[in-house]
Amino acid sequence: MSYSHSNICSGSRTAKRTLEFGRTHVVRPKGKHQATIVWLHGLGDNGSSASQLLESLPLPNIKWICPTAPTRPVAILGGFPCTAWFEMGELSDDGPDDWESLDASAAHIANLLSTEPADVKVGIGGFSMGAAMALYSATCYAAGRYGNGNPYPLNLRAVVGLSGWLPGARSLRNKIEGSHEAARRAASLPILQCHGKNDDVVPYKYGEKSVNSLNSAGFRYLTFKPLDGLGHYTIPKEMNEVSSWLSARLGLEGYRS
């Protein structure tokens, strides 16, 4: 069975002016709690469908937190309002990045992880726009601060991006190269990226480019998995890759392959 993520939005045409995050869904660990991961849905989706996908994974030691993005008018959809972590137009190498929303969403995600016990490892993952958000959070962690300069509070231990891209790629090297601490964090953060070669929503080249940008900025612990024949959705084979990678990187006890 494939798990398809719709890139078409539904809902009210009256946009909220104050951007409030939607409902957060939590999947509790079935075994000993060793790690907590925030998983971020794609454009127009919600935390509920993400939690249903994650509940079936053979990872009893992970607590999953699945927030829902704010509803906002989205330019790529002609201003139609739907759930989105940040504003976006057409994907392009020189398009503007919505730094204010990227930072607001990254801070909301960090806040969800801020009360986890000290012995629990924390990570962030996501699909499509959620993957972009996870990768942006990885760059904030390495730099030690958000784009607006405020300190980034978490010690991230793993980041996963499926069918995504990297916002802010052009300015990334400048954020990392000036600091030994930032370079050390970048080099030691495990990141898994997977991308379908037949993706017609976020073309494969954006997955490749994001890996190259991260690599050239000093992120050394990168795993990139191209998936032949895969479009803009997830399949069990890909989620098995995610499960085994997380289990190995986070040292989980109860993984059943």
Side-chain angles (χ1 to χ4, degrees), residues 2-23 38-50 53 66-109 124-140 146-148 160-172 193-214 230-234:
S2 71
Y3 181 83
S4 179
H5 303 251
S6 168
N7 62 321
I8 304 299
C9 301
S10 59
S12 161
R13 285 188 173 273
T14 56
K16 287 183 191 173
R17 285 292 153 238
T18 54
L19 293 182
E20 295 170 9
F21 289 87
R23 188 174 164 203
V38 169
W39 191 269
L40 306 166
H41 62 75
L43 179 65
D45 212 336
N46 58 63
S48 174
S49 57
L53 171 69
C66 305
T68 299
T71 297
R72 71 180 86 223
V74 177
I76 198 173
L77 300 168
F80 192 87
C82 70
T83 53
W85 299 108
F86 49 90
E87 173 58 275
M88 67 175 291
E90 293 291 333
L91 271 180
S92 74
D93 294 329
D94 51 5
D97 288 301
D98 177 12
W99 295 109
E100 192 178 342
S101 300
L102 283 163
D103 280 343
S105 289
H108 178 74
I109 294 157
I124 302 172
F127 173 82
S128 191
M129 184 184 241
M133 205 58 244
L135 294 174
Y136 180 70
S137 295
T139 65
C140 293
Y146 297 103
N148 61 19
V160 177
L162 309 182
S163 309
W165 71 96
L166 176 63
R170 283 165 299 171
S171 57
L172 179 58
Q193 282 186 257
C194 304
H195 214 111
K197 287 200 167 177
N198 288 12
D199 193 326
D200 57 351
V201 178
V202 180
Y204 175 77
K205 69 174 184 178
Y206 286 102
E208 249 182 351
K209 282 179 178 177
S210 62
V211 170
N212 293 338
S213 296
L214 288 164
L230 183 67
H232 198 65
Y233 48 84
T234 62

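Remember, predicted model here, so these are calculated numbers, not experimental data. These values consider heavy atoms only, across backbone and side chains, with no hydrogens, waters or symmetry-generated copies.
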Asks: Between S213 and A169, is there a donor-acceptor pair closer than 3.5 Å when you use the side chain of the first and the backbone of the second?
Replies: no
Asks: Whether the S128 and H232 side chains hold a donor-acceptor pair (N or O, under 3.5 Å, no angle test) is what I'd like checked.
Replies: yes
Asks: Side-chain contact, heavy-atom cut-off 4.5 Å: L135 with Q193?
Replies: yes
Asks: Check whether any side-chain heavy atom of W39 sits under 4.5 Å from a side-chain heavy atom of V160, and report yes or no.
Replies: yes
Asks: Rounded to the nearest 0.5 Å, how far apart are CE of M88 and CD1 of I76?
Replies: 4.0 Å
Asks: Would you say that D45 contacts M129 through its side chain, given a criterion of any heavy-atom pair below 4.5 Å between the two side chains?
Replies: no
Asks: Please round to the nearest 0.5 Å and tell me the distance separating atom NZ of K205 and atom NE2 of H195.
Replies: 11.0 Å
Asks: Determine the minimum heavy-atom distance between P67 and V38, stating which atoms define it.
Replies: CD-CG1, 3.7 Å
Asks: A side-chain contact here means heavy atoms from C-beta on lying under 4.5 Å apart; do V74 and E87 qualify?
Replies: yes
Asks: Take V201 and L43, measure what side-chain contact (heavy atoms from CB on, under 4.5 Å) needs, and give me the verdict at the end.
Replies: CA-CA 11 Å; V201 178; L43 179 65; over 6 Å; no
Asks: Is the shortest heavy-atom distance from the side chain of S101 to the side chain of R72 under 4.5 Å?
Replies: yes
Asks: With a 4.5 Å cut-off on side-chain heavy atoms, are P167 and W99 touching?
Replies: no
Asks: Heavy atoms only: give me the nearest A134-G126 pair and the separation to one decimal.
Replies: CB-N, 4.3 Å
Asks: CG/L162 to OG1/T234 distance, rounded to the nearest 0.5 angstrom?
Replies: 7.0 Å
Asks: Test side-chain contact (heavy atoms from CB on, under 4.5 Å) on I124 and M133; report intermediate values, then the result.
Replies: CA-CA 9 Å; I124 302 172; M133 205 58 244; over 6 Å; no
Asks: Between atom OH of Y204 and atom OG of S163, what is the distance when rounded to the nearest 0.5 Å?
Replies: 11.5 Å
Asks: Could you state the interatomic distance from OH (Y206) to CG (D199), rounded to the nearest 0.5 Å?
Replies: 11.5 Å
Asks: Kindly give the heavy-atom pair with the smallest separation between G164 and A131, and that separation in Å.
Replies: CA-CB, 3.7 Å
Asks: Side chains of H41 and T68, heavy atoms from C-beta outward: is any pair under 4.5 Å?
Replies: yes
Asks: From L166 CG over to L214 CG, what is the distance, rounded to the nearest 0.5 angstrom?
Replies: 5.0 Å
Asks: Can a side-chain donor-acceptor contact be found between D103 and Y136 if the only test is distance below 3.5 angstrom?
Replies: yes
